[in-house]
*Asks:* 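Okay, here's the structure, questions in a sec.
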Amino acid sequence: MARDVVANLATFIGVAVVARVLGPGEYGLASVALVYPGLVGAVVGLGLEQAVIRFASSGGISAGRYVYSGLWASAASGAAGAVAVLALAPLFASLLNRPGIAFGISTLSLYVFALVLFSAVSSAFLGLGWYGGGAVLELVRVFVRVAVSVGLALAGFGYLSVLWGFSLGYLAGALVGLLWLIRRLPPVGPSLGSVAELLRYSLPLHVPSLVSSAVGQALMGLLAVRASDVEMGNLAAASALLIVVNMVANAISAAAFSSLPLLLGDDARLRSAVDKSVFYMNAAVVPVALGVAVFAGPLVRLAYGHAYGAAPLYLSLLAAAYVYNVLAAYAVTLYANVVGRTGFTGLVTVADAGVRALAAVPLIVKFGVWGYLLAPLVATPASAGLTLVLGRRWLGFVPNLRKNAAVGLWALAAFAAALPFRVVSDFLALAVYVAALAALAKRFVAREDALELVELAGGVPIVGPLARRIGNAVVARLFPA
């Protein structure tokens, strides 16, 4: 988890520097160029990374056979994807209504190949239990990406600096991983039987995620046609700042969800643990997300300067959408995955993609980037409601909505109190928001839940000890024993 913190911080710093140097137009052009190559990468990956993790953990000679068979298959499918991007680059540029970026898209053929290969290599490390090595590969990928992107941006290569940074970052991570594998695991020739077995495992799991990814990329492609480069740059910059929320979510989820598989033999305890884990996630993520929405202006200016004028409002809308987490629909899929009902999760994933498409397409066509930002506010409640209904009917599982809703009401009440003060000062609004959260905490959050959340936060690498100390002091002040 410490690796993730370092990698995320390095990524964010690199993005901030590159976005400042390029400006919203060039930075937006980079995000547009990545749309269809990203889709090709998702298709040709075939979900092999999940199969490699599964079969590499078997140990012995068979582990090596499965690992190298998976790597050869990934290299072949990645090469096919690279050729497709190279051949279709002019078509992709035309579909995006930007024929001038055909060359930039064609260079992403290396990105597709390297992405697929890196995913397979890092998955092999996970399956073999080489967690430290996997952390090194991720850090290599991130630091090469950042170094290349920043260096080329400063040298005047424009949006191409972002594309080459992505490509060379993944390639560097994949090559380091391959050399490491060859030294520690004797190479074994590929086996068509092993490849077939890997695909039989991976494809049923891959199809739902592929549908979801395809819908997401298609919506970005539609948006690219309806929005300007500057709007796309502002959106990309705002999205990058959600790393603040995602870091909190990843840290809390790693601490809260890691023990769930240990409860498989006791369904009542498992359901209770899923409920508690999701509640703790919401209790951390929703207040932080709405805090980002309140303080969006200074965050954008600190990261990117004043050129990204629309990004603060975009960021506020993106962050505010996290309040829908309190519907706790992901508790249902979490429970389904733990008990092995992955088919249910696949169905829900496809249904969610369909709902998102139905909501987003007309809104994007009518309102452009604003439609894209508003679509989740329409689609998420509908998708969550569908998931909850299916979870009750097929799994007999319904999360504790009342307790999660209390967290949402707590954060929304503080958000409503702070919002008028943004007219005066963003810093004053943030102070009011934090004060309102503290003042309302006793009404919406129990003392034992607050203490448990502090303990979870204390397990976060690097900042954990400080978070525990501050959290205990806050709890002692707000909830006197």
*Asks:* For residues Leu334 and Met281, determine if any side-chain heavy atom of one lies less than 4.5 Å from a side-chain heavy atom of the other.
*Replies:*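 A side-chain contact is absent here, since even the closest heavy-atom pair is not under 4.5 Å.
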
*Asks:* In the structure I gave you, are the side-chain heavy atoms of Leu181 and Tyr68 within less than 4.5 Å of one another anywhere?
*Replies:*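 A side-chain contact exists here, since the closest heavy-atom pair is under 4.5 Å.
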
*Asks:* OG of Ser149 to CG of Leu160: how many Å apart, nearest 0.5 Å?
*Replies:*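 Atom-to-atom, Ser149:OG and Leu160:CG are 11.0 Å apart.
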
*Asks:* Spell out, as yes or no, whether a donor-acceptor pair under 3.5 Å connects the side chain of Glu26 to the backbone of Gly23.
*Replies:* no

*Asks:* Looking at Arg98 and Ala224, would you say the former's side chain and the latter's main chain have a donor-acceptor pair under 3.5 Å?
*Replies:*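 Yes, Arg98 side chain to Ala224 backbone: donor-acceptor pair under 3.5 Å.
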
*Asks:* Using the ring pair (Phe, Tyr, Trp, His ring centres under 6.0 Å) rule, take Trp164 and Tyr159 through it: C-alpha gap first, then chi angles, then the decisive distance, then the call.
*Replies:* CA-CA 9 Å; Trp164 290 344; Tyr159 80 98; 9.0 Å; no

*Asks:* Without swapping roles, check the side chain of Ser77 against the backbone of Ala73 for a donor-acceptor pair under 3.5 Å.
*Replies:* yes

*Asks:* Under 4.5 Å between any side-chain heavy atoms of Arg356 and Ser212, yes or no?
*Replies:* yes

*Asks:* Looking at side-chain heavy atoms only, is the closest gap between Val292 and Tyr322 below 4.5 Å?
*Replies:*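 The answer is no; the side chains never approach within 4.5 Å.
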
*Asks:* About how many Å separate CG of Leu96 and OH of Tyr36, when rounded to the nearest 0.5 Å?
*Replies:* 5.0 Å

*Asks:* Quick one: are Phe118 and Phe113 in side-chain contact, heavy atoms under 4.5 Å?
*Replies:*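 No, too far: nothing below the 4.5 Å cut-off.
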
*Asks:* Is the terminal nitrogen or CZ of Arg145 (NZ for Lys, CZ for Arg) located under 6.0 angstrom from the six-membered ring centre of Phe166 and within 45° of that ring's axis?
*Replies:*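 Yes, Arg145 and Phe166 form such a contact.
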
*Asks:* Might you point out which heavy atoms bring Ser316 and Ala296 nearest each other, and give the distance in Å?
*Replies:*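 Taking every non-hydrogen atom into account, OG-CB, 3.4 Å.
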
*Asks:* Could you grab the distance from atom CD1 of Ile101 to atom OG of Ser94, nearest 0.5 Å is fine?
*Replies:*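 Ile101 CD1 to Ser94 OG: 10.5 Å, rounded to 0.5 Å.
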
*Asks:* I'd like to know if the side chain of Tyr433 reaches the main chain of Val294, judged simply by a donor and an acceptor atom lying under 3.5 Å from each other, with no hydrogens or angles considered.
*Replies:*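 Side chain of Tyr433 to backbone of Val294, a donor-acceptor pair under 3.5 Å: no, none is there.
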
*Asks:* Out of Val136, Leu137, Val67, which one pairs with Phe125 under the side chain to side chain contact (heavy atoms under 4.5 Å, CB included) rule?
*Replies:*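 Only match with Phe125 under side chain to side chain contact (heavy atoms under 4.5 Å, CB included): Leu137.
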
*Asks:* Find out whether Arg226 and Phe367 are in side-chain contact, i.e. whether some heavy atom of one side chain is under 4.5 Å from a heavy atom of the other.
*Replies:* no

*Asks:* So which heavy atom on Thr333 is nearest to which on Thr345, and how close?
*Replies:*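 Distance-wise, the nearest heavy atoms are O-OG1, 3.8 Å.
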
*Asks:* Nearest 0.5 Å, what's the CG-CG distance between Leu219 and Leu223?
*Replies:* 8.5 Å

*Asks:* For the residue pair Val300 and Ala311, what are the closest heavy atoms and their distance?
*Replies:* CG1-CB, 3.8 Å

*Asks:* Give a yes or no answer on whether the side chain of Asp426 reaches the backbone of Gly297 with a donor-acceptor pair at less than 3.5 Å.
*Replies:*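 No, because the side chain of Asp426 does not come within donor-acceptor range (under 3.5 Å) of the backbone of Gly297.
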
*Asks:* Report the residue from Leu386, Val332, Thr387 that forms a side chain to side chain contact (heavy atoms under 4.5 Å, CB included) with Val348.
*Replies:* Thr387

*Asks:* So, does Ser383 use its side chain to make a donor-acceptor pair with the main chain of Thr380 at under 3.5 Å?
*Replies:*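 Here the side-chain-to-backbone pair does not exist.
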
*Asks:* Could you check whether atom CH2 of Trp72 has more than 12 heavy atoms from other residues, nucleotides or ligands sitting under 6.0 Å from it?
*Replies:* no

*Asks:* Begin from the C-alpha positions of Leu235 and Leu318 and carry the test side chain to side chain contact (heavy atoms under 4.5 Å, CB included) through to its verdict.
*Replies:* CA-CA 9 Å; Leu235 179 62; Leu318 290 169; 4.3 Å; yes

*Asks:* Indicate yes or no: at least one non-hydrogen side-chain atom of Tyr372 is less than 4.5 angstrom from one of Leu363.
*Replies:* no

*Asks:* Taking side chain as C-beta onward, heavy atoms only, is Val121 less than 4.5 Å from Leu175?
*Replies:* no

*Asks:* Roughly how far, to the nearest 0.5 Å, is CG of Leu377 from CG of Leu317?
*Replies:* 6.5 Å

*Asks:* Main chain of Ala19, side chain of Tyr308: is a donor-acceptor contact present, judged purely on distance under 3.5 Å?
*Replies:*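 Yes, the answer is positive, given that a donor and an acceptor are paired below the 3.5 Å cut-off.
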
*Asks:* If you round to the nearest 0.5 Å, how far is CZ of Phe92 from CG of Leu39?
*Replies:*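 Rounded to the nearest 0.5 Å, the CG-CZ separation comes out at 7.5 Å.
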
